Amino acid sequence: MENELKTLGVSIDGVIRDNIRQFDKIYRKVFVYNPGLVNMDENYRFVDKQMTQDEEDDIDKIIKEKITLPIDTYDLTNHYSFESKEALNKFYYQDYAMEIFGSADPIPRAMDYVNAIQFFGMREKLFNTVLLSKESEMSSSATFHFLAKAGCKVRNIKFVYDHVDKWEHCDVLIDESPDVIQNKPDGKIIIKIIQPYNTYDKADFEFNSVNMAYNTEML
């Protein structure tokens, strides 16, 4: 019976979608670079005018004031200047949701491997697969756009309001969120995708990418 199968959950952010890199790109575009100097290519190089040394110094100063790298904690307000967490959430999940969630790059080959994991589970009748993501109303449509571009073939997708709510929908979870890892319910399995901000969080298994986690013996 299908309802007797265990469910494997796979987080989208940090596993399939490179949302942090895209967040950094949009943050710099909005808060760092002078809107009056708009002739830049996608790498923020000036195309039609040469930057003066004073302009370069001004930009370097703003970056040092507003951005603290590396991102080795899960709280982005520790690394990007915002007036409050509410302001961060508004920027992230509302004002620039499409630019961040819809336009982020997929982590190389990750979607292909997740599609393959689903296919294996279905073919062998071993487990169901569900994609899971913390979303708002604005970012959810952007995420569907991202998944379409990435070539997603996973049949089951669920959005939650908090990371820990992902556990309500699966028995085994591939994720990178410290909140998810630290709140694993008894009897369930967490497969950690290693990131600088979850180095010290203990997991049942850990890998550098979902590509490496494609090991049918553990599923």
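In this text, all values refer to a predicted model and were calculated from it rather than measured experimentally.
At distances below 3.5 Å, at least one donor-acceptor pair connects side-chain atoms of Thr143 with backbone N or O atoms of Ser139. The main-chain N or O of Glu176 is never found under 3.5 Å from a side-chain atom of Tyr74 such that the two would form a donor-acceptor pair. A distance-only check finds no donor-acceptor pair linking the side chain of Asp162 to the backbone of Val164 [under 3.5 Å].
Heavy-atom minimum distance, Leu5 versus Phe127: CB-CA, 4.2 Å. Taking both residues in full, the closest heavy atoms of Glu135 and Phe159 are given as CG-CD2, 3.5 Å, listed atom of the first, atom of the second, then distance.
The aromatic ring centroids of Phe23 and Phe91 lie less than 6.0 Å from each other. Ring pair Tyr80/Phe31: centre-to-centre distance not below 6.0 Å.
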Please table the atom pairs, donor to acceptor, closer than 3.5 Å between any side-chain atom in residues 188-196 and protein atoms at least two apart or in another chain.
from, atom 1, to, atom 2, distance (Å)
Lys188, NZ, Trp167, O, 2.6
Lys188, NZ, Cys170, O, 2.8
Lys192, NZ, Asn198, O, 2.9
Lys192, NZ, Asp201, O, 2.8
Lys192, NZ, Glu206, OE1, 3.3
Gln195, NE2, Gly14, O, 3.3

Let me check something: any side-chain donor-acceptor pairs from residues 99-119 under 3.5 Å, sequence neighbours excluded? List them with distances.
from, atom 1, to, atom 2, distance (Å)
Arg109, NE, Asp112, OD2, 3.0
Asn115, OD1, Lys153, N, 2.9
Asn115, ND2, Met111, O, 3.3
Asn115, ND2, Gly151, O, 3.0
Gln118, OE1, Arg155, N, 2.8
Gln118, NE2, Lys153, O, 2.9

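Here Ile12 contributes atom CD1 and Lys166 contributes atom NZ; the two are 8.5 Å apart, rounded to the nearest 0.5 Å. The OG atom of Ser81 sits 13.5 Å away from atom CD1 of Ile63, with the distance rounded to the nearest 0.5 Å. The distance from atom CG of Leu131 to atom CG of Leu8, rounded to the nearest 0.5 Å, is 9.5 Å. Remark: Thr129 OG1 to Ile174 CD1 distance equals 8.5 Å, nearest 0.5 Å. The structure places OG1 of Thr77 at 6.5 Å from CG of Leu88, a figure rounded to the nearest 0.5 Å.
Following chains of ILVMFWY side-chain contacts shorter than 4.5 Å, one can reach Val172 starting from Leu126, so the two form part of one hydrophobic cluster. Placement of Val10 and Leu132 in two distinct hydrophobic clusters is found when ILVMFWY residues are connected by side-chain heavy-atom separations under 4.5 Å, directly or transitively. Linking ILVMFWY side-chain heavy atoms closer than 4.5 Å, directly or via other members, places Val32 and Val30 in a single hydrophobic cluster. Ile181 and Ile16 fall into different hydrophobic clusters, where Ile, Leu, Val, Met, Phe, Trp and Tyr residues are linked whenever their side-chain heavy atoms come under 4.5 Å apart, directly or through other members. In this structure, Val15 is a member of the same hydrophobic cluster as Ile157, with clusters built from ILVMFWY side-chain heavy atoms closer than 4.5 Å.
Leu76 is listed as a side-chain neighbour of Ile20, based on a closest heavy-atom distance under 4.5 Å. Here the side chains of Leu69 and Ile67 are in contact, with some heavy-atom distance below 4.5 Å. Within the 4.5 Å cutoff, no side-chain heavy atoms of Leu147 are placed close to those of Val154. Two residues are said to be in side-chain contact when any heavy atoms from C-beta on lie closer than 4.5 Å; Cys152 and Phe144 fail this criterion. Side-chain contact check for His79 versus Asp72: some heavy-atom pair is nearer than 4.5 Å.
By the 30° and 60° cut-offs, the orientation of the rings of Phe82 relative to Tyr27 is perpendicular.
Legend: salt bridge (Lys or Arg N to Asp or Glu O under 4.0 Å) pairs involving residues 136-148, not counting sequence neighbours: none detected.
Other residues, nucleotides and ligands place no more than 12 heavy atoms under 6.0 Å from the CE atom of Met138. Other residues, nucleotides and ligands contribute more than 12 heavy atoms inside 6.0 Å of the NZ atom of Lys149.
Side-chain atoms of Ser177 and Asp175 include no donor-acceptor pair closer than 3.5 Å. Using a 3.5 Å distance cut-off with no hydrogens or angles, the side chains of His169 and Thr7 do not pair a donor with an acceptor.
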Verdict with reasoning, His163 to Asn183, per side chain to side chain contact (heavy atoms under 4.5 Å, CB included): CA-CA 10 Å; His163 287 292; Asn183 290 281; over 6 Å; no
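Using a cut-off of 4.0 Å between Lys/Arg side-chain N and Asp/Glu carboxylate O, Lys64 and Asp60 are scored as not salt-bridged.
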